[in-house]
Asker: 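Let me begin by handing over the structure; questions about it come next.
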Amino acid sequence: MPTQPLPIAVLISGYGSNLQALIDAIDNQQLPAKITLVISDQPTAQGLERAKQAGIPTAVIDRADYPDRTAFDNALQQHIERSGAQLVVLAGFMRILGAQMTNHFYGRLVNIHPSLLPKHPGLNTHQRAIDAHDKEHGTTVHLVTEGVDEGPILAQARTTILPDDTADTLKTRVQRLEHTLYPTVIRWFAENRVRVEGKSVHLDLPKERNPQ
Ligand code: GRF
């Protein structure tokens, strides 16, 4: 078991319920991590308030203040590195990162996406799952690569789609799953249970701990 909590940076754009789940898991001693910085690209993101309430340093890095994506990504990278974070956690961060950034952090940059990837990358996943008559839907935590929602999968959690589900009811259930899954996967990193070799991921987990 690690003696030092894993330093992580969390990138958000909005409500920050996944950020809150991480804050709560750390507070409840279920996640041996320390959030060194919360970055938002949106100055009004509600998640910034959650971070401030928890006494976590915040930074707003607004894409509009930078001439191009490379300059924006460089600013993100500098802030993350200065914070001492060893893992970068995208939690509802609505910007696409460039290859320079995804390559630089490859293996220590994760995202949570609200679908059972490779099904339904991109937006409006809940409605798309209903429209496709999928039997189940869920959420995926994956390593981030240049291709959006394409990186190696670390874990998924699933729910059955019910006949009367709407995009909203499905979203509520999927987010509930996310709030357990994301702290769990980040805990694996904190416990050195994740080994990345190229596009292969090896998880060193006791059987009962793997939610798949
Ligand atoms: C989550 O559903 C996540 O899967 C997606 O964006 C949403 C963020 O929600 N990437 P929140 O801001 O954490 O509440």
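Read the numbers this way: they start at 1 and go in the same order the structure lists the ligands and their atoms. Numbering starts at 1 and runs along the sequence shown.
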Asker: With under 30° as parallel and over 60° as perpendicular, where do the rings of His113 and His142 fit, or are they tilted in between?
Answerer: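 Because their plane-to-plane angle is over 60°, the rings of His113 and His142 count as perpendicular.
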Asker: Show which atoms of ligand 1 fall inside a sub-4.0 Å distance from at least one heavy-atom site of Ser17.
Answerer: 11 (P), 12 (O), 13 (O), 14 (O)
Asker: May I have the step-by-step check of salt bridge (charged side-chain N to carboxylate O under 4.0 Å, His left out) for Asp73 and Arg95, ending in yes or no?
Answerer: CA-CA 10 Å; Asp73 283 2; Arg95 293 267 163 202; over 6 Å; no
Asker: Could you tell me whether Arg187 sits above the aromatic face of Tyr182, with NZ or CZ closer than 6.0 angstrom to the six-membered ring centre and within 45 degrees of the axis?
Answerer: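 Judged by the rule (NZ or CZ under 6.0 Å from the ring centre, within 45° of its axis), Arg187 is not positioned above Tyr182.
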Asker: Mind listing the closest non-hydrogen atom pair of Ile8 and Ala85 along with its distance?
Answerer: C-CB, 3.7 Å
Asker: Indicate yes or no: does an N/O atom of Ala91 lie under 3.5 Å from an N/O atom of ligand 1?
Answerer: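 No; every N/O pair is 3.5 Å or more apart.
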Asker: Could you pull out the closest heavy-atom pair between Leu116 and Arg158, with the gap in Å?
Answerer: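 Closest approach of Leu116 to Arg158: CD1-NH1, 3.8 Å.
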Asker: Evaluating non-hydrogen atoms only, which member of His179, Gln175, Arg50 is closest to atom 7 (C) of ligand 1?
Answerer: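 Looking at heavy atoms only, Gln175 sits closest to atom 7 (C) of ligand 1.
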Asker: Which heavy atom of the protein is the closest neighbour of atom 10 (N) of ligand 1, given with residue, atom name and distance?
Answerer: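 I find the closest protein heavy atom is Ile112 O, 2.9 Å.
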Asker: Numbering the atoms of ligand 1 from 1, which are under 4.0 Å from a heavy atom of Gly92?
Answerer: 6 (O), 8 (C), 10 (N)
Asker: For the pair Leu37 and Thr58, evaluate side-chain contact (heavy atoms from CB on, under 4.5 Å) and give the outcome as yes or no after the intermediate values.
Answerer: CA-CA 6 Å; Leu37 181 64; Thr58 60; 5.6 Å; no
Asker: Tell me, please: is Ile12 in heavy-atom contact with ligand 1, that is, under 4.0 Å?
Answerer: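 Distance cut 4.0 Å: Ile12 fails for ligand 1.
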Asker: Can you name the closest pair of heavy atoms from Met101 and Ile80 and give their distance?
Answerer: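 Taking Met101 first and Ile80 second, the nearest heavy atoms are CE-CD1, 3.9 Å.
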Asker: Can you list the atoms of ligand 1 that are under 4.0 Å from a heavy atom of Glu178?
Answerer: 1 (C), 2 (O), 3 (C), 4 (O)
Asker: Is the closest N or O pair between Leu19 and ligand 1 shorter than 3.5 Å?
Answerer: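 In this structure, Leu19 places no N or O atom under 3.5 Å from an N or O of ligand 1.
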Asker: Give me the nearest non-hydrogen protein atom to atom 12 (O) of ligand 1 as residue plus atom name, then the distance to 0.1 Å.
Answerer: Gly16 N, 2.8 Å
Asker: Could you tell me if any non-hydrogen atom of Gly47 lies under 4.0 Å from any atom of ligand 1?
Answerer: no
